[in-house]
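Working notes for the structure below.
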Amino acid sequence: METDTERSNVKIVHGEFGYVLEDVPHFTDYLPNLQTFPNPLQDNPAYSVVKQYFVHHDDTVPQKIVVHRNSPRGIHFRRAGPRQKIYFEADDVNACIVTCGGLCPGLNTVIREIVCGISYMYGVDKVLGIQDGYKGFYARNTVTLTPKSVNDIHKKGGTILGSSRGGHDTIKIVDSIEDRGINQVYIIGGDGTQKGASAIFEEVQRRGLKVAVAGIPKTIDNDIAVLLYHIRVIDKSFGFDTAVEEAQRAINAAHVEATSVENGIGVVKLMGRYSGFIAMYATLASRDVDCCLIPESPFYLEGKGGLYEYVEKRLKEDGHMVLVVAEGAGQDLIAECMKSMDNQDASGNKLLLDIGLWLSQKIKDHFSSKRNMVINLKYIDPTYMIRAIPSIASDNVYCTLLAQSVVHGAMAGYTGFTSGLVNGRQTYIPFYRVTEKRNHVVITDRMWARLLSSTNQPSFLSSKDIEEAKNAKDPIEWRSASGKHLDGGLPVVHEDDNSMESNKTETDSPTLL
Ligand SMILES: Nc1ncnc2c1ncn2[C@@H]1O[C@H](COP(=O)(O)OP(=O)(O)O)[C@@H](O)[C@H]1O
Ligand SMILES: O=P(O)(O)OC[C@H]1O[C@](O)(COP(=O)(O)O)[C@@H](O)[C@@H]1O
Ligand SMILES: [Mg+2]
């Protein structure tokens with residue numbers, strides 16, 4: 001892995017008492033003597049009562065908010081928001097928006113708010129929608145987006161622009177950007193998309209183009225990492241709250257089914273290829289779940305402390321149970337039973353075997369053949385229903401903040417950045433921080449302990465596992481040390497420095513997500 005000093009476009013500013021600013025690239029880094037313009041917001045009636053129109057050039061947001069008396073001030077990110085000087089005149093802006101990867105509630109809200117924000121705040125009226133993801137740059141027509149055409153789209157699920165996996169061809173994409181005279185590119189997508197955005201930015205910079213490339217992080221799985229020394233930076237991604245809310249309906253149905261019959265078991269599969277955040281938060285929110293299984297925490301079926309034993313205990317005590325399983329959980333167990341296919345989708349993501357169906361069948365077989373018990377198991381797979389709905393109110397507000405922030409950043413000449421919420425403040429984060437690793441539930445962290453104490457389920461960890469997890473250099477990826485790779489079977493790359501520090505800080509991190 002590239003270190004910070006080897007990376008291009010790394011802008012680190014050091015200050016007193018261990019203050020560090022991880023700054024984002026700006027046009028002026030590679031295009032000197034650009035003309036600037038006064039920000040039209042100062043004449044905008046919406047801002048007329050705001051005491052301070054513009055973000056102070058020195059405003060930064062700390063990544064770490066729990067500090068000790070003598071600890072250094074640590075890493076900061078540039079605060080998002082309108083700047084006094086901007087690098088585009090309204091008539092010169094030719095913006096485009098693209099959505100890539102899997103669906104996520106809130107995509108249309110982000111599109112709407114970029115179009116409305118850039119139009120109402122900056123007077124820009126040329127915004128193109130790129131259809132069907134990255135490949136749309138060179139293989140599809142574009143659509144014109146206006147505040148009128150996007151007015152109601154936040155009420156619909158999905159993305160009005162369409163999306164896709166695969167098809168990222170940096171050269172063809174940047175050729176298309178140049179040919180169309182586009183000078184602001186807004187890219188909405190997950191971890192793969194942000195990697196693609198970073199490649200586009202590098203190529204744009206190499207060609208010396210005055211084109212702002214800005215990302216808006218999207219992931220229903222909450223697996224966009226933005227890790228600094230193993231501490232999560234972005235609080236959460238949009239659509240996540242909606243997904244957790246919608247998952248409650250499936251869990252509730254499973255609970256009703258399970259409580260209505262003798263020895264009822266409700267199994268609900270939720271999305272989460274590599275990260276079990278939706279399953280974890282849906283479980284914590286619901287209180288009807290007796291067991292939550294996620295990719296980060298290994299489990300086993302047979303014997304003492306195993307899943308079968310726990311299911312039997314719950315049935316004997318309560319007469320029913322509800323089990324939530326994230327789609328990436330237990331893949332090592334299925335692979336032992338079935339010939340692993342090792343297939344990938346067009347973007348290179350591993351195609352998973354269906355844990356929900358497999359586990360349901362295993363439980364049925366166990367109780368009928370080995371325990372001679374009659375059970376009634378109902379399996380619910382609401383995964384695509386959850387991500388196809390429009391976003392709920394809190395996510396809509398969040399999408400608006402992300403969209404307006406990203407527009408302010410691009411107008412101010414920042415580029416190669418993703419907008420993100422850090423400790424409740426909107427910030428600009430350099431691409432390389434978003435693309436380094438995936439975000440995972442840290443099972444040595446307090447949040448997973450909270451879940452275990454809420455469901456009262458076994459941890460399924462042996463004392464050897466616990467020791468390994470606690471002593472792992474990287475608490476997020478400890479399973480890889482024991483040969484169980486979370487990230488699609490690929491070896492996980494570790495950051496070697498600061499790992500001891502990370503052990504301490506991650507455990508103390510109060511961040512919910
Ligand atoms: N390492 C990469 N470099 C460039 N583009 C990538 C990379 N990984 C994924 N992409 C592109 O990003 C898009 C979305 O990626 P995908 O993994 O499907 O979804 P998501 O961004 O939601 O994780 C696809 O068009 C894919 O080709
Ligand atoms: O849309 P597909 O190709 O069926 O893939 C399903 C995957 O998409 C997701 O919903 C979102 O994944 P991305 O954020 O990587 O696009 C995952 O939870 C799920 O594993
Ligand atoms: Mg992804």
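Both counts, for ligands and for their atoms, begin at 1 and track the order of listing.
- The side chain of Lys218, and not its backbone, has at least one atom closer than 4.0 Å to an atom of ligand 1 (non-hydrogen atoms only; side chain from C-beta on).
- When the shell of 6.0 Å around CZ of Arg140 is examined, it contains more than 12 heavy atoms from other residues, nucleotides or ligands.
- Of the N and O atoms on the side chains of Ser391 and Asn396, at least one donor lies less than 3.5 Å from an acceptor on the other residue.
- The residue Thr219 has no part lying near ligand 1, judged by heavy-atom distances below 4.0 Å.
- Counting atoms of ligand 1 from 1 in the listed order, those under 4.0 Å from a heavy atom of Gly196 are 4 (C), 5 (N).
- In terms of N/O distances under 3.5 Å, ligand 2 is not approached by Met271.
- In the candidate list Gly192, Cys100, Cys104, Gly192 is nearest to atom 12 (O) of ligand 1, counting heavy atoms.
- Close contacts of ligand 2 with Ile220, meaning ligand atoms under 4.0 Å from a residue heavy atom, involve 10 (O).
- Ser454 and Arg450 form no side-chain donor-acceptor contact under 3.5 Å, judged by distance and modelled atom types alone.
- Residue Tyr384 has at least one heavy-atom neighbour below 4.0 Å for each of these atoms of ligand 2: 2 (P), 4 (O), 6 (C).
- Applying the ring-ring contact (aromatic ring centres under 6.0 Å, His included) test between His26 and each of Tyr87, Phe417, Tyr428 identifies Tyr87 as the sole match.
- Considering backbone and side-chain N/O of Arg273, one or more are found under 3.5 Å from N/O of ligand 2.
- Within ligand 2, the atoms closer than 4.0 Å to a non-hydrogen atom of Lys218 are 13 (P), 14 (O), 16 (O), numbered from 1 in the order shown.
- Within ligand 2, the atoms closer than 4.0 Å to a non-hydrogen atom of Gly102 are 16 (O), numbered from 1 in the order shown.
- Below 3.5 Å of separation, one finds an N or O of Gly190 facing an N or O of ligand 1.
- A salt bridge is defined here as a Lys NZ or Arg NE, NH1 or NH2 lying under 4.0 Å from an Asp or Glu carboxylate O, and Glu203 with Arg207 meets this definition.
- Listed by atom number, the atoms of ligand 2 under 4.0 Å from Glu327 heavy atoms are 17 (C), 18 (O), 19 (C), 20 (O).
- Annotation: Arg165 places an N or O atom under 3.5 Å from an N or O atom of ligand 2; distance criterion only.
- A donor atom on one side chain and an acceptor atom on the other are found under 3.5 Å apart for Thr418 and Gln194.
- Using 4.0 Å as the threshold, Ala199 has no heavy atom nearer than that to any atom of ligand 1.
- Using cut-offs of 30° and 60° on the angle between ring planes, the pair Tyr134 and Phe137 is parallel.
- For ligand 1, the atoms lying closer than 4.0 Å to a non-hydrogen atom of Asp191 are 20 (P), 21 (O), 23 (O).
- When the options Thr159, Asp132, Thr193 are evaluated for a side chain to side chain donor-acceptor pair (under 3.5 Å) with Thr99, the one that passes is Thr159.
- By the 3.5 Å distance cut-off applied to N or O atoms, Asn349 is not counted among the residues near ligand 2.
- Around CG of Asn141, the count of heavy atoms belonging to other residues, nucleotides or ligands within 6.0 Å does not exceed 12.
- Between the side chains of Tyr274 and Asp191, no donor-acceptor pair of N or O atoms lies under 3.5 Å.
- At under 3.5 Å, a nitrogen or oxygen of Thr193, whether backbone or side chain, sits near a nitrogen or oxygen of ligand 1.
- Within the 4.0 Å heavy-atom cutoff, Gly190 does not count among the residues contacting ligand 2.
- Under 4.0 angstrom from ligand 2, there are no non-hydrogen atoms of Leu352.
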